[in-house]
Amino acid sequence: KTIDDIQVQGKKVLVRCDFNVPLDAEGNITDENRLVGALPTIKYLSENGAKVILCSHLGRPKGVVNEKYSLKPVSERLSELLNMPVAMAEDVVGASAKKLTSEMNDGEVVLLENVRFHKEETKNDPEFAKQLASLADVYVNDAFGSAHRAHCSTAGVTDYIKTSAVGYLMSKEIE
């Protein structure tokens, strides 16, 4: 299934993206191709009334919070590219993520902090996957470069979110 095959209006949609972009020493994005590649999926979901919850990893923080690998620069650049605010959660499944995602209006976009700040992500820990899945009604995988990994944000969440599909970037890669 692709996102064209599912109803997204009014639904919270967790989208696994590949925002593992290169950053310079000052934390500036030096190649935004992965962000641009995700735009068609994000725009479609937002324009069709979904509450869009983006998640990704950046670098290899090995399960430890490390500001060097924060997705904040991604949130800022996505806000510019989408011409709308992209709220940035301070965490993945904690108080900030729960608050931001529970207060979303249709069409809004939230980016969760780096999923690999949690060692449970790469271990596909069922409890972490369940917590991540609890934020959404629908799951969309648009991260072709990470889809082969059995991690919480690529595989584990599908045990708890029954409606899932691929985004436009993933669909393009499959074709």
Checklist entry - Quick one: does Asn48's side chain have a donor or acceptor within less than 3.5 Å of a partner on Tyr44's backbone? => result yes
Steps toward side-chain contact (heavy atoms from CB on, under 4.5 Å) verdict (Val21, Asp31) = CA-CA 7 Å; Val21 294; Asp31 181 343; over 6 Å; no
Applying a strict under-4.5 Å side-chain criterion to I, L, V, M, F, W and Y, I'd like to know whether Leu45 and Leu135 cluster together.
no
Separation between CD (Glu127) and SG (Cys152), nearest 0.5 Å, reads 10.0 Å
d(Lys123 NZ, Lys119 NZ) to nearest 0.5 Å is 6.0 Å
Judged by atom type as modelled, is there a donor-acceptor pair below 3.5 Å linking the side chain of Asp91 to the main-chain atoms of Ala95?
yes
>> Looking only at the side chains, is there a donor atom on one of Glu113 and Ser70 sitting less than 3.5 Å from an acceptor on the other?
In response: yes
message: Within the structure provided, determine whether Ile3 and Thr41 are in side-chain contact (heavy-atom separation under 4.5 Å).
response: yes
Side chain to side chain, Phe117 and Val64, heavy atoms closer than 4.5 Å: no
Taking every heavy atom of Arg60 against every heavy atom of Tyr69, the minimum-distance pair comes out as N-CE2, 4.0 Å
Glu121 and Val115 have their tightest heavy-atom pair at CB-O, 3.3 Å
Quick check: do Leu82 and Leu39 have side-chain heavy atoms less than 4.5 Å from each other?
yes
Between Ile161 and Ala133, the two heavy atoms sitting closest are CG1-CB, 3.6 Å
Residue pair Ser146, His57: steps toward the side-chain contact (heavy atoms from CB on, under 4.5 Å) verdict: CA-CA 9 Å; Ser146 301; His57 75 283; 3.4 Å; yes
Lys99 with Glu103: basic N within carboxylate O range, under 4.0 Å: yes
Smallest heavy-atom separation, Ser153 atom then Arg16 atom, equals OG-NE, 2.7 Å
Salt bridge (charged side-chain N to carboxylate O under 4.0 Å, His left out) pairs touching residues 134-158, sequence neighbours excluded, are none
Phe144-Val36 co-clustered via ILVMFWY side chain contacts under 4.5 Å:
no
CE of Met170 to CD of Glu175, rounded to nearest 0.5 Å, is 12.5 Å
Separation between OG (Ser56) and CG (Leu111), nearest 0.5 Å, reads 7.5 Å
Exercise. Evaluate side-chain contact (heavy atoms from CB on, under 4.5 Å) for Ile53 paired with Leu112, printing each intermediate quantity in order.
Key: CA-CA 7 Å; Ile53 304 165; Leu112 304 177; 3.8 Å; yes
Discussion item. Measuring only between side-chain heavy atoms, which start at C-beta, is Val109 closer than 4.5 Å to Leu54?
Written reply: yes
Between the CG atom in Leu132 and the NE2 atom in His151, the distance rounded to the nearest 0.5 Å is 13.0 Å
Flag side-chain contact, heavy atom, 4.5 Å: Leu169 against Pro40: no
For residues 159-170, the side-chain hydrogen bond (donor to acceptor under 3.5 Å, both in side chains) pairs (sequence neighbours left out) are Asp4-Tyr168
- Under a 4.5 Å cut-off applied to non-hydrogen side-chain atoms, are Leu71 and Met88 in contact? yes
Looking only at heavy atoms, the pair that brings Glu32 and Leu81 closest together is OE2-CD2, 4.0 Å
Side-chain donor-acceptor contacts of residues 6-15 below 3.5 Å, not counting sequence neighbours, with atom names and distances?
residue	atom	partner	partner atom	Å
Gln7	OE1	Gln9	N	2.7
Gln9	NE2	Asp106	OD2	3.1
Lys12	NZ	Thr101	O	3.2

Stepwise side chain to side chain donor-acceptor pair (under 3.5 Å) test for Glu108 and Ser46:
CA-CA 6 Å; Glu108 291 184 340; Ser46 177; over 6 Å; no
Is it true that atom CD of Glu90 has more than 12 heavy atoms of other residues, nucleotides or ligands lying nearer than 6.0 Å?
-> no
Is any side-chain heavy atom of Leu58 less than 4.5 Å from a side-chain heavy atom of Leu23? yes
Check step by step if side-chain contact (heavy atoms from CB on, under 4.5 Å) holds for Val74 and Leu35.
CA-CA 8 Å; Val74 171; Leu35 304 184; 3.6 Å; yes
To the nearest 0.5 Å, atom CG of Asn28 lies from atom CD of Glu76 at 9.5 Å
Are the side chain of Ser102 and the backbone N or O of Lys98 linked by a donor-acceptor pair below 3.5 Å?
-> yes
Correct closest heavy-atom pair for Ala97 and Val92 would be CB-O, 3.2 Å
Inset, instruction - Could you tell me whether Asn83 atom CG has more than 12 heavy atoms of other residues or ligands within 6.0 Å of it? - result: no
Check ion pair Arg77-Glu80 (N to O, under 4.0 angstrom): yes
Checklist entry - So do Lys51 and Asn105 actually touch side chain to side chain, heavy atoms under 4.5 Å? => result no
Note to self: With a 4.5 Å cut-off on side-chain heavy-atom distances among I, L, V, M, F, W and Y, is there a chain of contacts connecting Ile42 to Val110?
What the structure shows: no
According to a hydrophobic-cluster definition based on side-chain heavy atoms being under 4.5 Å apart (Ile, Leu, Val, Met, Phe, Trp, Tyr only), do Met104 and Val140 belong together?
no
Asp18 versus Asn20, side-chain donor and acceptor atoms under 3.5 Å: no
